[in-house]
Amino acid sequence: MDGAMVTPGRTAGLFAGAAVLRLAIFTLLPKLPDLLTGRVEISTPVTSFKRLQEGLFLYNHNVSPYDGGVYHQAPLFLPLFSLLPDFSSLPIFTYLLYTAADLLSALALWKIADSGEAGSSALFTSPRKGKRWSGFIIAALFLFNPFTVATCLGRSTSVFTTCAILHAIAKAVSGAPFGAMIALSFASYLSMYPLLLLPPLILLSYDRQRPERATKSGLKFAATCASVVAGVLAVLFQMSSLVTGSWEFLPSTYGVQLTLSDLTPNVGLWWYFFVEMFDSFRSFFLAVFWLHLASYVGGLTMRIRRQPLVVLTLLMGIFGIFKPYPSISDTSLFLALVPLYRHVFPLMRYTFVIAAVILYASFLGPAFYHLWIYAGSGNANFFYAITLVWGLGQSLLVCDLMFAVLRDEWEVERPEMVGKEIRQI
């Protein structure tokens, strides 16, 4: 295992360096975070910090935060951020909150990496598992990923969803299914789409449960986990209704994602499609798009049953492409999980093409958006075209990683095929 010897000093240095980097940019370059906050690649209608500030202003003045159709985020963000000092006069506490969320995410990712689940699950052990990277390297790649840093600086509330998802997986691989379900409930409450991770997370929790607790049948275990998620979500919804004084937050938060009522441009594939959509076909294609997104869950969970962590990783990549309001935060989460499979990197076929396409879209995306919105020398097709390239790069990575994982399983079943080239006819 690369980088296995990690001293406490190096660990402290890693987290301190990541925190100092973020806080230094926040304080020394105050205009940069404000610029990033308004970028469509970072902020979406359901994660924007500016919209959160608008909702917080209304909340503090005893007005429903959902009046005006601007705020579309979870109600419990409002009492949390209202406890912080006024952002305009003392923003350091907000900076510390977002920095802490990133550090907690990295800590959970470290635990996932050190569990060895990526290379050796309960039902499958890769012969290449010794080539994996240590938790230190995995955490460092996440903390210093430009997408992760930009998301933190832009103060997108998606950082809290990322933190909850990673802690759910970390709890699952640690043999704590109850904690995993609670963390997933919080992630689903904040962003809704993580609820689709429930089936593979239940399988992961079931495979990794401690021997003294491994007495329940699979169906009974799954029913218990689903009940925990439903119970926690019910409590969170009840608390939300008490905060807002009504249940209007449901259509204003989750309803917006289900119906795509806010067509603000983003790096996803939905917005332009529905801008051009005739109203008479809108409901049908909304159902088709959501069915397409959800259809991956069952197929991947059954096909790669022996490696549920792989399923979770692939689904994070798919959600970053096909969910209604994606951002680079979703990509940073997917890219944080991909290095867990260092042992199958030699089996991947298109790493150079993938890296080139993602970098190409990363640099040209802001340029095309500027040409459309500010320079006036382009139109929406410019920006949507580059988002298609962005989606292509992520799709290639998802497909290539899945090929490598399945090839690894296949070579275990057929050792005589190790190292031999396969040609598709």
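No donor-acceptor pair closer than 3.5 Å links the side chain of Ser156 to the backbone N or O of Ser48. Put simply, the side chain of Ser120 never gets that close to the backbone of Gly116: no donor and acceptor are under 3.5 Å apart. Of the possible donor and acceptor atoms, none in the side chain of Arg342 sits under 3.5 Å from a partner among the backbone N and O of Arg132. Counting only distance, with no hydrogens or angles, the side chain of His72 and the backbone of Thr47 share no donor-acceptor pair below 3.5 Å. With hydrogens and angles ignored, the 3.5 Å screen pairs no side-chain donor or acceptor of Thr99 with any backbone N or O of Leu96. For Asp114 (side chain) and Ile112 (main-chain N/O), no donor-acceptor pair under 3.5 Å exists by modelled atom type.
For the residue pair Gln73 / Thr253, no side-chain donor-acceptor distance below 3.5 Å is found, with atom types taken as modelled. Side-chain contact check for Ser126 and Asp408: at least one donor-acceptor pair (N or O, by modelled atom type) lies under 3.5 Å. A donor and an acceptor atom, one from each side chain of Arg155 and Thr37, are located under 3.5 Å apart. Using modelled atom types, one finds no donor on one side chain facing an acceptor on the other under 3.5 Å when comparing Gln307 with Glu117.
The cationic group of Arg22 does not satisfy the cation-pi geometry with Tyr95, failing either the under 6.0 Å distance to the six-membered ring centre or the 45° limit from the ring axis.
By the ring pair (Phe, Tyr, Trp, His ring centres under 6.0 Å) test, Phe81 is found to be paired with no residue, residues two or more places apart in sequence or in another chain being considered. In this structure, Tyr360 has no ring pair (Phe, Tyr, Trp, His ring centres under 6.0 Å) partners at least two apart in sequence or on a different chain.
Screening Ser188, Ser329, Ser191 for a side-chain hydrogen bond (donor to acceptor under 3.5 Å, both in side chains) with Thr161, the sole residue that qualifies is Ser191. For the side chain to side chain contact (heavy atoms under 4.5 Å, CB included) criterion with Pro308, the lone passing option out of Leu203, Leu201, Leu123 is Leu203.
Under the side-chain hydrogen bond (donor to acceptor under 3.5 Å, both in side chains) criterion, the residue pairs touching residues 363-389 are Tyr272-Asn381, with sequence neighbours excluded.
Ring-plane geometry between Phe285 and Phe281 is classed as perpendicular, the angle between the planes exceeding 60 degrees on a 0 to 90 degree scale with a lower cut at 30.
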> What do the steps show when you test Asp400 against Arg407 for salt bridge (Lys or Arg N to Asp or Glu O under 4.0 Å), and what is the final call?
Replying inline: CA-CA 10 Å; Asp400 210 18; Arg407 173 67 190 253; over 6 Å; no
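The pair Lys50-Glu54 does not count as a salt bridge, with every side-chain nitrogen at least 4.0 angstrom from each carboxylate oxygen. Between Arg305 and Asp207 there is a salt bridge, since a side-chain N of the basic residue sits under 4.0 Å from a carboxylate O of the acidic one.
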